[in-house]
Amino acid sequence: MKKKLEALLQQAIATLKIQGDVPDDIAVNILIERVRDPQFGDFATNLAMLLAKPAKTSPRQLAEKLIAVLPLDNTIAKVEIAGPGFINFYMDSSSQFDIVKQIHGSGSAFGLSQAGAGKKVQVEFVSANPTGPLHVGHGRGAAYGSAVADLLEAVGFDVHREYYVNDAGRQMDILATSIWLRYLEECGEPVRFPDNGYRGAYISGIAQSIHKNSGEAYRRPFAVAVQDLPPDEAQGGDKETHIDALIAKAKELLGTVAYRAVFLAGLNDILTDIKNDLNEFGVSYEEWFSEQRLVDDGSVDKALERLKNSGHLYEKDGAIWFASSALGDEKDRVVKRENGQYTYFASDIAYHMNKLDRGFDLIIDIWGADHHGYIPRVKAAIQALGADAAKLKVLLVQFATLYRGEEKVQMSTRSGEFVTLRQLRNEVGKDAARFFYVMRRSEQHMDFDLQLATSKTSENPVYYVQYAYARVCSVLRQLAEKGFTRNIALGMDNLTKLTEEHETGLLNTLVRYPEALERAALTHEPHQLILYLRELANDFHTYYNAHQFLVEDDGLRDARLNLISAAKQVLANGLKLLNINTPESM
RNA sequence: GCGCCCGUAGCUCAGCUGGAUAGAGCGCAGCCCUCCGGAGGCUGAGGUCAGAGGUUCGAAUCCUCUCGGGCGCGCCA
């Protein structure tokens with residue numbers, strides 16, 4: 001409908017240009033809005049106000065000229081000028097019922113569009129280091145990222161979901177060493193655990209299973225391992241230097257093969273856990289992309305070679321730097337350390353080069369908000385690689401603070417006592433978790449009330465929306481109990497009987513679904529869809545409270561059933577898109 | 001200190017990319033109620049959109065500054 005009005009206005013402008021009322025060279029972006037207040041009609045445009053200045057006339061005068069040359073058809077009942085120069089469109093009321101037939105005809109496909117057809121987009125999200133289980137912060141990224149991806153798919157994009165596995169680098173070595181030390185404990189070695197090691201209970205679990213499977217194959221005397229080591233933090237030294245030395249010692253004592261075995265045992269165990277966790281959360285990926293792979297296949301070298309050839313690298317203090325400050329970054333960044341090792345950033349450059357080479361039209365990275373300072377250097381890298389930095393869109397997700405009623409759930413990353421995503425799912429369930437995570441704008445800090453998420457009252461938005469769906473199901477069940485038979489065709493013939501205020505309200509909300517979906521997708525704002533669903537549920541509930549559906553009049557009854565079935569369909573489409581269940585009874 | 005995000009009703013948050021009288025839920029106040037599905041429904045009060053300037057027909061929205069909150073500023077990832 002909007003597009004139709006837009007086309008009509010475009011024609012009107014063209015006519016005015018020929019008449020000389022509007023300068024030829026002007027190009028406007030026609031904005032058509034749905035109006036909130038019914039007294040101003042159904043749609044409105046501010047076009048006349050925008051064109052008034054270049055046309056050297058007043059908005060209202062121009063609006064009159066526009067209307068005079070506007071090609072009309074029978075779906076438009078009335079066009080009026082109002083306020084400072086708005087053009088209001090009143091649609092013919094008989095067309096408002098078409099939506100019921102349309103939803104009935106399209107079913108689960110209703111609302112889908114082809115807005116992004118032919119465009120390949122990659123969405124990379126979560127990408128948490130495989131050094132431990134996912135926590136509630138990752139949960140929000142998972143819910144948000146998958147929602148963004150699913151929405152894009154719903155509007156026609158070719159979507160590639162990806163998890164970047166940071167399976168190379170120092171953090172992984174710290175993990176492997178931590179596991180090894182716990183393993184030594186299992187073997188009965190007296191171990192002093194390093195201050196910078198991973199302390200979670202899952203580390204011991206992995207160590208135990210290694211011990212169970214391989215016996216004492218990796219046992220080495222702890223005393224030898226810590227011999228001549230620089231002191232740890234608690235011993236008055238530096239924890240980083242200490243652990244690095246310890247890692248080196250572990251590699252030396254175990255040898256490449258054995259060290260690698262411990263390393264992989266840890267990686268596989270944790271990665272499997274993450275995959276299961278996400279799977280149970282309704283999050284799936286087309287690809288799990290290994291950082292190690294970039295190192296192994298020479299991609300990192302290749303990427304740096306490319307930057308070097310285009311003159312973006314230089315050497316200083318024994319390290320190799322990327323001159324990112326010339327491309328908008330605060331300062332230059334090291335890509336290869338003095339000790340010859342690549343930095344994390346180096347493999348990230350290679351990763352983004354890989355993404356670019358795969359020919360995506362749009363690359364979406366979803367990061368925790370604490371990584372925002374990283375954006376300029378990655379954009380700089382993309383530019384330096386000869387691509388358009390606008391191809392990369394970084395979406396940030398703020399952390400969520402958990403509450404149980406009034407009480408804040410304490411989380412301390414320092415002691416490793418964070419709430420895991422799995423714990424959250426166990427407490428509130430998948431549906432509530434997904435809904436709550438996505439309910440707010442991603443860049444907004446959010447308070448996640450665990451108590452509210454599990455409550456079975458209308459205060460709980462998930463419950464409220466799902467309940468609307470279940471209620472329609474219930475009414476349809478009641479139908480048979482009351483001895484009625486539903487006649488869909490009869491209902492369609494009697495749609496004009498739906499003249500109650502609640503009915504027109506519901507019809508108007510249903511019409512908006514495709515727009516709401518498309519907007520949520522294109523702006524990467526899934527909360528828009530949630531908002532819409534809450535509104536729809538509210539419209540349905542108030543209608544339900546105000547009117548009886550199962551009335552004696554066959555035509556009216558079937559018309560109402562068709563209307564609420566349409567609402568049911570749209571609720572289902574929206575909820576399924578967000579990977580939230582649609583229970584038939586609650 | 002510099003950079004990014006944020007500040008909207010008592011609370012949690014929307015606000016359609018600059019439009020018409022700034023909305024919703026909870027909470028609060030009053031009224032009704034036992035109805036297909038339950039601790040339900042209806043109505044109302046409540047706002048200097050943090051503050052001050054600016055841009056224009058028009059600003060919660062865009063620009064500048066101030067105040068307040070969060071985060072980031074490693075040859076960590």
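So you know, we letter chains A, B, ... as the sequences are listed, proteins then strands, and number each from 1.
- When rounded to the nearest whole Å, the span between CD of A:Gln451 and C1' of B:rU12 equals 15 Å.
- Donor-acceptor pairing under 3.5 Å is lacking for the side chains of A:Asn545 and A:His502.
- Judged by distance alone, the side chains of A:Gln466 and A:Asp431 do bring a donor and an acceptor atom under 3.5 Å apart.
- Separation of the C1' atoms belonging to B:rA60 and B:rU21 is 15 Å when rounded to the nearest angstrom.
- Spacing of P atoms, B:rU17 relative to B:rU8, comes out at 22 Å, to the nearest Å.
- Side chain to side chain, A:Gln528 and A:Arg519 meet the donor-acceptor criterion of an N or O pair below 3.5 Å.
- Counted within 6.0 Å of CD on A:Glu501, heavy atoms from surrounding residues, nucleotides or ligands total 12 or fewer; the atom is thus considered open.
- Donor-acceptor pairing under 3.5 Å is lacking for the side chains of A:Tyr344 and A:Glu291.
- Considering only heavy atoms from C-beta on, A:Phe43 stays 4.5 Å or farther from A:Asn88 through its side chain.
- In this model, no donor atom of one side chain and acceptor atom of the other lie less than 3.5 Å apart for A:Glu64 and A:Gln61.
- Base orientation at B:rU8 is anti, since its O4'-C1' glycosidic dihedral falls outside 90° of 0.
- Spacing between atom CG of A:Asp244 and atom C1' of B:rC76 amounts to 10 Å, rounded to whole angstrom units.
- One atom, CD of A:Glu330, and another, C1' of B:rG74, lie 13 Å apart when rounded to the nearest Å.
- Using C1' as the reference atom, B:rC28 and B:rU12 are 16 Å apart when rounded to the nearest Å.
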What one-letter contact string describes nucleotides 37-42 of chain B from 5' to 3', where B marks a base within less than 4.0 Å of any protein heavy atom, S marks contact via sugar-phosphate atoms alone, and - marks no contact?
BB--SS
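- Between A:Phe540 and A:Tyr544, the ring-plane angle classifies as tilted under the 30° and 60° cut-offs.
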Mind running ring-ring contact (aromatic ring centres under 6.0 Å, His included) on A:Phe549 and A:Tyr543 for me, showing each step along the way?
CA-CA 9 Å; A:Phe549 305 148; A:Tyr543 177 36; 4.8 Å; yes
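- The same atom, P, is picked in B:rG44 and in B:rG7; the two are 29 Å apart, to the nearest Å.
- Here the separation of B:rG23 from B:rC49, taken at their P atoms, is 14 Å to the nearest Å.
- Here the rule is side chain to side chain contact (heavy atoms under 4.5 Å, CB included) with A:Leu66, and of A:Leu47, A:Thr45, A:Val22 only A:Leu47 fits it.
- At a threshold of 4.0 angstrom between heavy atoms, the contacts of A:Lys336 with the nucleic acid are absent.
- For A:His524 and A:Tyr144, the gap between ring centers reaches or exceeds 6.0 Å.
- At a threshold of 4.0 angstrom between heavy atoms, the contacts of A:Asp317 include nucleobase atoms, whether or not backbone atoms are also involved.
- The side chain of A:Asp370 lies closest to B:rC71, out of B:rC13, B:rC71, B:rA77.
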Let me have a per-nucleotide readout for nucleotides 15-23 of chain B, 5' to 3', with B, S or -, counting only protein heavy atoms under 4.0 Å.
SBB-BBB--
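- Using a 4.5 Å heavy-atom cutoff, the side chains of A:Glu124 and A:Tyr163 are not in contact.
- Contacts of A:His547 with the nucleic acid, taken as non-hydrogen atoms under 4.0 Å apart, include base atoms.
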Tabulate atom names and distances for all N/O pairs under 3.5 angstrom spanning the protein and nucleotides 44-46 of chain B.
none

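- Each of A:Thr241, A:Thr177, A:Asp232 was evaluated against A:Leu246; a single residue qualifies, A:Thr177, per the side chain to side chain contact (heavy atoms under 4.5 Å, CB included) test.
- Residue A:Glu535 is classed as having no contact, given no heavy-atom separation below 4.0 Å to the nucleic acid.
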What string of B, S and - do you get for nucleotides 27-34 of chain B, 5' to 3', if B is base contact, S is sugar-phosphate-only contact and - is no contact with any protein heavy atom under 4.0 Å?
--------
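- B:rG47 and B:rC35: their P atoms are spaced 39 Å apart (whole Å).
- If you take atom C1' in B:rA59 and the same atom in B:rG68, they sit 22 Å apart, rounded to whole Å.
- If you check the side chains of A:Gln444 and A:Arg440, you find no donor sitting under 3.5 Å from an acceptor.
- With no hydrogens or angles considered, a side-chain donor-acceptor pair links A:Asn562 and A:Arg486 at under 3.5 Å.
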Would you tabulate the nitrogen or oxygen pairs shorter than 3.5 Å linking the protein to nucleotides 67-70 of chain B?
{"from": "B:rG70", "atom 1": "O2'", "to": "A:His445", "atom 2": "NE2", "distance (Å)": "3.1"}

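- Going from the C1' atom of B:rA50 to that of B:rA9 covers 15 Å, rounded to whole Å.
- One interatomic measurement links the two molecules: CD1 of A:Ile375 to P of B:rC2, which rounds to 21 Å at whole-angstrom precision.
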Secondary structure of RNA chain B per the Watson-Crick/G-U criterion (both distances under 3.5 Å; [ ] crossing, | other strand, . unpaired) is (((((.(..((((.....[...)))).(((((.......))))).....(((((..]....)))))).)))))....
